[in-house]
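Report on one structure; see the data block that follows.
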Amino acid sequence: MGPNMIVTVKQVPDTHNVTGDAMKPDGTVNRGALPAIFNPEDLNALEEALKVREKSGGTITVITMGPPKAVEVLKECLFRGVDEAILISDRKFAGADTLATSYALKCAIEKVGNFDLIFCGRQAIDGDTAQVGPQIAEKLNINQLTNIFEILESNEKSITAKRSIDGGYEIVKSNFPVLLTVTGEANEPRSPSAKLVMTYKNIDEKVCDDSYDSAYIEPSNNFSVKQIKQWDVEAIMADPALCGLSGSPTKVKKIENVVLTAGDVKQVPNTQEGIDELIQELTREHIIG
Amino acid sequence: MAGKKNVFVFIEQNDKKIAEVSLELVCEAKRLADKLNVDVQAIAIGHDMRDELNLLGHYGCSIVYYIDEQRLSDFTSFPYAKIIVDMIKKHEPRIVLFGASATGRDVAPRVASELKCGLTADCTELEIGDYKAKGKTYNNILLQIRPAFGGNIIATIVSPESMPSMATVREGVMKMSEPDSSLTVEIVDEKSEINDEWFLTEIIEICREERSFDLKSSQIVVSAGMGACNPESLELVKKLADTLGGVVGSSRPVVDSGQLIKDHQVGQTGVTVRPNLYIACGISGQIQHRAGMTDSKRIIAINNDPNAPIFNIAHYGIVGEVNDVIPKMIKAYKAKA
Ligand SMILES: Cc1cc2nc3c(=O)[nH]c(=O)nc-3n(C[C@H](O)[C@H](O)[C@H](O)COP(=O)(O)OP(=O)(O)OC[C@H]3O[C@@H](n4cnc5c(N)ncnc54)[C@H](O)[C@@H]3O)c2cc1C
Ligand SMILES: Nc1ncnc2c1ncn2[C@@H]1O[C@H](COP(=O)(O)O)[C@@H](O)[C@H]1O
């Protein structure tokens, strides 16, 4: 029997294309101002889980915490063949830092129960913290292997993998249950399967009140409730005081946009004389020897 | 002792040798501790490294709590996190700093989770200051400053209610002070309770290559970007670095292309450098790259696009083709000598 696997995935704003109004005055992210994408390293985490299942069987459940619109990443996971997808969504989760996020995910994982392997991306590109994975592991009181870039072996009870460390790598082995965080070097994630896209084409996205978010899932007609579930604070039996803003010890005091200090660049003509002059100036100032 | 609420540094060691980032953090902790009128203390976990720990004193650390056990020679998450938590509960520091290294970023979140404290990742600056919220003022708390959102903003994060405040800090951003070998550190042997069931990771092999060059401490860095990402240009970049006695750096896409190894990468996800001279060859100057080199004393930018953002931070700008400009620089340098 193969391992029961859980993958946590996050929908993130595409921080590669950031505009001025991406941050709200209160220091939180204005997600509306940026396209939302599948966090890149979470696709790598998913890919590793799919590879393990191809080799040794087992099941894959993906979990995301986010606004209803985050169901989009769950669909992407279904298109790649996961068995079950869960959206953790509730206004009470809003404003969560890594501690509150990992707490909510831990509650959801406990509700899923019976897991051998948990895969997270190494880090999410909105915060670049890389903290949620290890914090889930701590809250579940299980072992963790971070920065995994290659799985060497997995069997019914253990996994052996390479993790990158400063200046090199190490080969580590852990029994189940264990949480892995996966880096972008691990693999080239697969594309959605056309067949599965057709299978799930009837998952509706319904518009709901815009103060919260735009899209909503409608687990109605054509697909079974088993495939996408939506849980709120109560469903995962979480303590509301430990969720969202109230469960977050870190606060944003101040946000500054990074501005270029344009100005005193000295134009050096691209001629031998110009460059001779530059080298001499740098020598006089003892910048070069 | 507990009443004083000191500043703690987690001392990272590889092969019994203290990691550079830990020494940088001791220096930074000293600066913060002086403002708060408290001491710098450290937690070291490992085996047979007592002599090495003396080094901490030279940078201003007054006490190191040392857990010596053979099974703890190499880092693994579970027991290290448990012991650090134990030490923090026992000695009640107000601030705990970790390197934003593979080890620091592995263990610090676990520690923060167990203590239910805030943790700010990958800080580039730390300060002591006040924070006001909901009619309450928190005095002299740790201000944790870090780039966020792909480096497009700089955020100041606080954890006002957390005791302690915790942060990981990137290697190379905190300046080392001159060591003073007349200063000594008190090494306190700690007997933390260690449970056999904590050893859940088996390390089969550790493979660390000595870096053949030292990007971080080189005084001259010549970096190749996508505008120099072809064999001919890269050859010229190397030649210029050799001629000037510097080392080769690069932007990330050059590393991604496989033409240079990761150790060359400068920037947010690479190395932070602050050399006397940084020559950016065919680098556009995106924020993630600038994050690792803006503090260079002099920056020369070579770029064929006069509007490239790199010119906004460069001291000298040369608009032109990499393959045309570099030979002139080599020639100029050789003519001078
Ligand atoms: C989370 C995150 C982390 C990142 N971390 C880093 C990091 O640590 N380091 C890093 O460098 N990047 C990092 N990046 C990538 C960064 O955003 C940029 O993509 C990268 O710095 C661009 O590299 P470049 O300037 O070499 O390439 P380009 O942006 O493609 O610029 C090439 C430049 O060369 C010029 N050029 C082209 N041909 C010539 C020629 N023949 N002669 C002269 N000039 C020429 C062009 O005008 C252009 O300005 C990161 C990105 C993300 C999202
Ligand atoms: N809201 C979330 N929902 C599901 N997974 C998450 C969420 N936030 C973080 N994660 C997981 O934790 C990893 C690290 O995130 P971070 O600590 O934010 O850098 C991500 O790559 C995801 O696998």
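A, B, ... follow the sequence lines: proteins, then strands. Residue 1 opens every chain.
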How many angstroms lie between atom [atom1] of [X] and atom [atom2] of [Y], to the nearest 0.5 angstrom?
X      : Y      : atom1 : atom2 : result
A:T283 : B:Y333 : OG1   : OH    : 7.0 Å
A:K254 : B:I154 : NZ    : CD1   : 10.5 Å
A:Y169 : B:E205 : OH    : CD    : 5.0 Å
A:I287 : B:Q219 : CD1   : CD    : 9.0 Å
B:R298 : A:L282 : CZ    : CG    : 7.5 Å
A:Q131 : B:L119 : CD    : CG    : 4.0 Å

Cut-off 3.5 Å, side chains only: do [X] and [Y] have a donor facing an acceptor?
X      : Y      : result
B:E202 : A:N175 : no
A:Q135 : B:R110 : no
A:N270 : B:D324 : yes
B:S77  : A:N143 : no
A:Q267 : B:Y316 : no

Pick from [options] with the largest number of heavy-atom pairs that fall under 4.5 Å of chain B:
options                        : result
A:I165, A:D97, A:I136          : A:I165
A:K251, A:E170, A:E285         : A:K251
A:P134, A:S174, A:P269, A:G133 : A:P134
A:V172, A:T98, A:L242          : A:V172

Counting heavy-atom pairs under 4.5 Å to chain A, which of [options] comes out on top?
options                        : answer
B:P306, B:P109, B:A121         : B:P109
B:R146, B:K262, B:E171         : B:R146
B:V158, B:I302, B:T76          : B:V158
B:V319, B:N276, B:I204         : B:I204
B:G320, B:C207, B:A102, B:G118 : B:C207
B:I203, B:T201, B:L143         : B:T201

So which part of [X] gets closer than 4.5 Å to some heavy atom of chain B, the side chain, the backbone, both or neither?
X      : value
A:E185 : neither
A:E277 : neither
A:L99  : side chain
A:I142 : backbone
A:Q280 : neither
A:S248 : neither

[X] versus [Y], closest heavy-atom pair with distance:
X      : Y      : value
A:P249 : B:C117 : CG-C, 3.7 Å
B:S101 : A:D166 : CB-OD2, 3.1 Å
B:K328 : A:Q272 : O-NE2, 3.0 Å
B:A332 : A:I279 : CB-CG1, 3.6 Å
B:D130 : A:K253 : O-NZ, 2.8 Å

Using non-hydrogen atoms and a 4.5 Å limit, figure out which bit of [X] sits close to chain A: side chain, backbone, both or neither.
X      : answer
B:T269 : neither
B:P160 : both
B:I300 : side chain
B:E197 : neither
B:I220 : side chain

*Pair A:T129-B:D122, side-chain hydrogen bond (donor to acceptor under 3.5 Å, both in side chains): steps then yes or no*: CA-CA 7 Å; A:T129 76; B:D122 231 2; over 6 Å; no

_Pair A:I255, B:T156 - check side-chain contact (heavy atoms from CB on, under 4.5 Å), show working._
CA-CA 6 Å; A:I255 290 286; B:T156 303; over 6 Å; no

*What's the verdict on side-chain contact (heavy atoms from CB on, under 4.5 Å) for A:V252 and B:I157, showing C-alpha distance, side-chain angles and the deciding distance?*
CA-CA 5 Å; A:V252 177; B:I157 313 283; 4.0 Å; yes

*asked:* For B:D214, I'd like to know if atom CG has over 12 heavy atoms of other residues, nucleotides or ligands within 6.0 Å.
replied: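 For B:D214, atom CG is crowded (more than 12 foreign heavy atoms under 6.0 Å).
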
*Please indicate whether B:K216 has more than 12 foreign heavy atoms, meaning atoms of other residues, nucleotides or ligands, lying under 6.0 Å from its NZ.*
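Counting other residues, nucleotides and ligands, NZ of B:K216 exceeds 12 neighbours.
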
*asked:* Go through it in stages, so that I can follow the logic: the residues are B:L200 and A:V178, the test is side-chain contact (heavy atoms from CB on, under 4.5 Å), and I'd like the CA-CA distance, side-chain angles, deciding distance and then a yes or no.
replied: CA-CA 9 Å; B:L200 296 166; A:V178 60; over 6 Å; no

_Does this structure show an ion pair linking B:D106 with A:R163, if we count only N-O contacts that are shorter than 4.0 Å?_
yes

_Let's go through A:K266 and B:H315 carefully: what are the C-alpha distance in whole Å and the side-chain angles of both, what is the deciding distance for side-chain contact (heavy atoms from CB on, under 4.5 Å) to 0.1 Å, and is it a yes or a no?_
CA-CA 6 Å; A:K266 194 162 174 180; B:H315 303 95; over 6 Å; no

